[in-house]
Protein chains: 2
Amino acid sequence: MMGDRTAVDRGNAVARPRRPLLSRDRIVAAALVLVDAEGLDAVSTRRLANELGVSGPSLYNHVATKEELIDSVVDAVLGEVDTSMFARLGGDDRDWRAALAAWAESYRATLAAHPNIVPVVAQGPGRRPHALRIADGVFGGLVAAGWPRREATRVGALMRYFVTGSALGSFAGGFPDDATVYEANYSHLGQAHLLAARQQEINESAFAVGLGALLDGLELRYRAVTSGGDAPAQVP
Amino acid sequence: MMGDRTAVDRGNAVARPRRPLLSRDRIVAAALVLVDAEGLDAVSTRRLANELGVSGPSLYNHVATKEELIDSVVDAVLGEVDTSMFARLGGDDRDWRAALAAWAESYRATLAAHPNIVPVVAQGPGRRPHALRIADGVFGGLVAAGWPRREATRVGALMRYFVTGSALGSFAGGFPDDATVYEANYSHLGQAHLLAARQQEINESAFAVGLGALLDGLELRYRAVTSGGDAPAQVP
DNA sequence: ACCTGAACACCGTTCAAGT
DNA sequence: ACCTGAACACCGTTCAAGT
């Protein structure tokens with residue numbers, strides 16, 4: 001599908017072409033397409049190179065290792081996460097709750113669009129520029145809205161736990177839709193085989209309920225740690 | 001370390017030994033040891049067989065595929081998760097909050113003991129017996145404590161999101177401890193290079209704060225969905 | 001029934017050779 | 001500088017052969 005390049009493009013010969021056939025961005029973009037379409041296991045260097053119309057080892061002129069490549073794919077995905085809501089916090093706008101909710105929805109929507117890469121995303125920020133941009137935005141916004149720094153770190157972490165966890169384990173979809181699995185073995189799961197069919201609704205409502213509960217709980221904590229008033233953000 | 005079997009054990013010859021050298025349980029146990037010690041990537045059929053003192057293909061007399069083997073390893077880990085607290089709910093004991101908290105701690109402690117397998121655990125219950133036992137226990141307990149069935153499904157799912165997410169992305173540990181990564185690029189992450197050193201404390205306090213917030217929020221919701229009284233559990 | 005070595009179709013990665 | 005094919009040390013899995 002992507003492998004049909006003309007002789008002109010290839011410089012009419014083997015070895016070095018007139019103009020580079022590859023670029024890091026093109027490789028990363030093709031890898032994401034492949035991950036989305038066929039899963040992480042489908043991304044082998046030979047297969048990916050094939051999609052790009054080159055031979056396997058060519059990739060190593062642009063990426064050091066496959067791991068680094070996957071990392072770049074993850075970073076490209078994280079680039080879609082909106083953190084602009086945090087920049088508006090501070091001064092008269094202290095509505096961290098609305099910002100956190102909007103960010104969580106954006107984060108989740110991004111991961112839901114690329115489910116096959118989520119297990120890698122969830123492992124931690126690493127050195128990925130967009131992961132750090134996100135952490136920076138969340139932390140900065142929370143502090144500007146009045147959260148003490150130590151608390152802001154925790155809130156950023158726990159929100160990430162919830163969002164990545166929900167994107168990863170699409171709860172309902174994991175249950176077999178074969179009723180005989182449950183019979184007589186699990187006394188309360190008599191209807192569990194129906195979960196698969198309703199999985200999207202269940203996952204979404206579980207996310208919505210969990211997000212709401214989390215924010216309600218954090219609101220109580222915010223009042224406690226800021227002594228109930230709207231104390232200014234602590235200085236570093 | 002595990003590969004030194006005597007000639008007696010091996011039946012003094014190749015081919016079929018007097019007594020089986022392998023069993024499914026022994027393979028699964030060895031795989032878990034290997035995963036814990038060296039990570040998921042270290043588990044290849046040849047390497048694992050080597051640890052067990054046999055040749056690679058021997059494993060296929062006991063497991064159908066490597067995927068099934070890893071699934072069994074995950075199930076063995078999930079076997080350590082305590083769900084007994086849910087069995088006590090119902091009748092006069094409606095303290096679902098305490099049960100949920102104790103379960104979440106047990107779940108998290110189990111995953112923390114086997115961090116390398118968490119990415120697989122987090123993907124969903126599948127057909128793994130212990131995953132279904134856990135889902136059954138949580139759901140049954142919540143319903144017995146008065147949660148409507150639809151809500152109980154959601155609460156079980158969202159709790160799992162939070163616990164697996166927190167076990168997966170050890171937030172603080174993911175940040176590089178190299179200060180130069182952040183300089184001038186991320187305005188609020190000036191101290192982020194210190195996160196790695198405090199990672200255990202941060203992860204644990206983020207988990208504790210998040211769990212508390214979640215339970216506080218769910219308490220509000222419980223009151224709303226049960227109309228403020230202690231209405232009996234709905235019948236199926 | 002349960003193990004073996006040989007073999008198949010793959011991997012990620014290195015490297016000398018080509019332009 | 002940027003591509004190629006050949007090669008290396010691996011994979012998961014199948015299978016005929018052995019007891």
Side-chain angles (χ1 to χ4, degrees), chain A residues 2-28 30-31 34-35 38-74 116 120, chain B residues 2-28 30-31 34-35 38-74 116 120:
Chain A
M2 303 173 66
D4 39 58
R5 327 202 104 261
T6 67
V8 171
D9 283 341
R10 315 194 90 258
N12 245 340
V14 283
R16 184 151 109 100
R18 296 209 184 87
R19 229 177 60 98
L21 298 172
L22 294 178
S23 71
R24 195 178 223 283
D25 285 351
R26 239 169 64 73
I27 294 171
V28 170
L34 198 48
V35 168
E38 303 187 35
L40 208 49
D41 289 345
V43 185
S44 73
T45 53
R46 285 170 177 84
R47 171 73 195 277
L48 179 58
N50 198 299
E51 298 285 343
L52 288 160
V54 297
S55 79
S58 303
L59 303 179
Y60 289 90
N61 287 293
H62 303 270
V63 295
T65 62
K66 187 186 168 183
E67 195 182 353
E68 185 195 286
L69 165 63
I70 298 297
D71 238 56
S72 293
V73 173
V74 169
N116 298 333
V120 192
Chain B
M2 302 173 67
D4 38 57
R5 325 204 105 259
T6 67
V8 171
D9 283 341
R10 316 194 89 259
N12 247 339
V14 284
R16 184 153 111 101
R18 297 208 184 89
R19 229 176 61 97
L21 297 171
L22 294 177
S23 70
R24 194 176 223 282
D25 284 351
R26 238 168 66 73
I27 295 170
V28 170
L34 198 48
V35 168
E38 302 187 35
L40 209 48
D41 288 345
V43 184
S44 74
T45 53
R46 285 171 178 83
R47 171 73 195 277
L48 179 57
N50 198 5
E51 299 283 345
L52 288 160
V54 297
S55 80
S58 303
L59 303 180
Y60 289 90
N61 287 292
H62 303 271
V63 296
T65 62
K66 187 187 169 182
E67 195 182 354
E68 186 196 284
L69 165 62
I70 297 297
D71 238 55
S72 294
V73 173
V74 170
N116 297 333
V120 192

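Protein chains get the first letters and strands the later ones, always in sequence-line order, with residue 1 at the start of each.
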Positions of residues 40-47 of chain A (non-hydrogen atom under 4.0 Å from DNA chain C), listed by number:
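Contacting residues: A/Val43, A/Ser44, A/Thr45, A/Arg46.
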
Near DNA chain C, counting only heavy atoms under 4.0 Å, which residues of residues 66-74 of chain A show up?
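Close to the strand are A/Lys66.
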
Can you name the closest pair of heavy atoms from B/His62 and B/Ile27 and give their distance?
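Distance-wise, the nearest heavy atoms are CB-CD1, 3.6 Å.
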
Minimum heavy-atom separation for B/Pro17 and B/Pro20, please, with both atom names.
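Smallest heavy-atom distance, with atoms named: CG-CA, 4.3 Å.
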
Spacing of [X] atom [atom1] relative to [N] atom [atom2], expressed in whole Å:
X	N	atom1	atom2	value
A/Leu52	D/dC2	CG	P	15 Å
B/Leu21	C/dC3	CG	C1'	7 Å
B/Asn61	D/dT19	CG	C1'	14 Å
B/Leu59	C/dA1	CG	C1'	16 Å
A/Leu48	C/dC10	CG	C1'	16 Å
A/His62	C/dT13	NE2	P	16 Å
B/Arg16	C/dG5	CZ	P	18 Å

Heavy atoms from C-beta onward define the side chain here; which of [options] lies closest to that of [X]?
X	options	result
B/Ser55	D/dC3, C/dT4, C/dC3	C/dT4
A/Tyr60	C/dT14, D/dC2, C/dC3	C/dT14
B/Pro17	C/dC3, C/dT14, D/dC3	C/dC3
A/Pro57	D/dG5, D/dT19, D/dC3	D/dG5

Using the rule given for side-chain contact (heavy atoms from CB on, under 4.5 Å), can you reason through A/Leu59 versus A/Leu52, listing the C-alpha separation, both sets of side-chain angles and the distance that settles it, and then say yes or no?
CA-CA 10 Å; A/Leu59 303 179; A/Leu52 288 160; 4.2 Å; yes

Defining pairs by Watson-Crick or G-U wobble geometry with both distances under 3.5 Å, how would you list the stems of DNA chain C with at least three pairs each?
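Stem segments, range with range: C:4-8 with D:12-16, C:12-16 with D:4-8.
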
Does B/Arg46 reach the main-chain N or O of B/Pro57 with its side chain, forming a donor-acceptor pair under 3.5 Å?
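Such a contact is absent between B/Arg46 side chain and B/Pro57 backbone.
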
Residues 38-45 of chain A, side-chain donor-acceptor partners within the protein, below 3.5 Å, at least two apart:
residue : atom : partner : partner atom : Å
A/Glu38 : OE1  : A/Arg47 : NH1          : 3.2
A/Glu38 : OE2  : A/Arg47 : NH2          : 2.7
A/Ser44 : OG   : A/Arg47 : N            : 3.1

Interatomic distance, A/Leu21 atom CG to A/Asn61 atom CG [nearest 0.5 angstrom]
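If I round to the nearest 0.5 Å, the distance is 10.5 Å.
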
Hey, could you give me each pair passing salt bridge (charged side-chain N to carboxylate O under 4.0 Å, His left out) that has a residue in residues 59-74 of chain B? Not counting sequence neighbours.
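Every salt bridge (charged side-chain N to carboxylate O under 4.0 Å, His left out) pair that includes a residue of residues 59-74 of chain B, provided the two are not neighbours, is B/Arg24-B/Glu68, B/Asp71-B/Arg128.
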
Option from A/Val54, A/Leu69, A/Val35 for which side chain to side chain contact (heavy atoms under 4.5 Å, CB included) with A/Leu48 holds
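When side chain to side chain contact (heavy atoms under 4.5 Å, CB included) is applied between A/Leu48 and each of A/Val54, A/Leu69, A/Val35, only A/Leu69 qualifies.
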
Is the shortest heavy-atom distance from the side chain of A/Ser58 to the side chain of A/Leu22 under 4.5 Å?
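Yes. Closest side-chain heavy atoms under 4.5 Å.
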
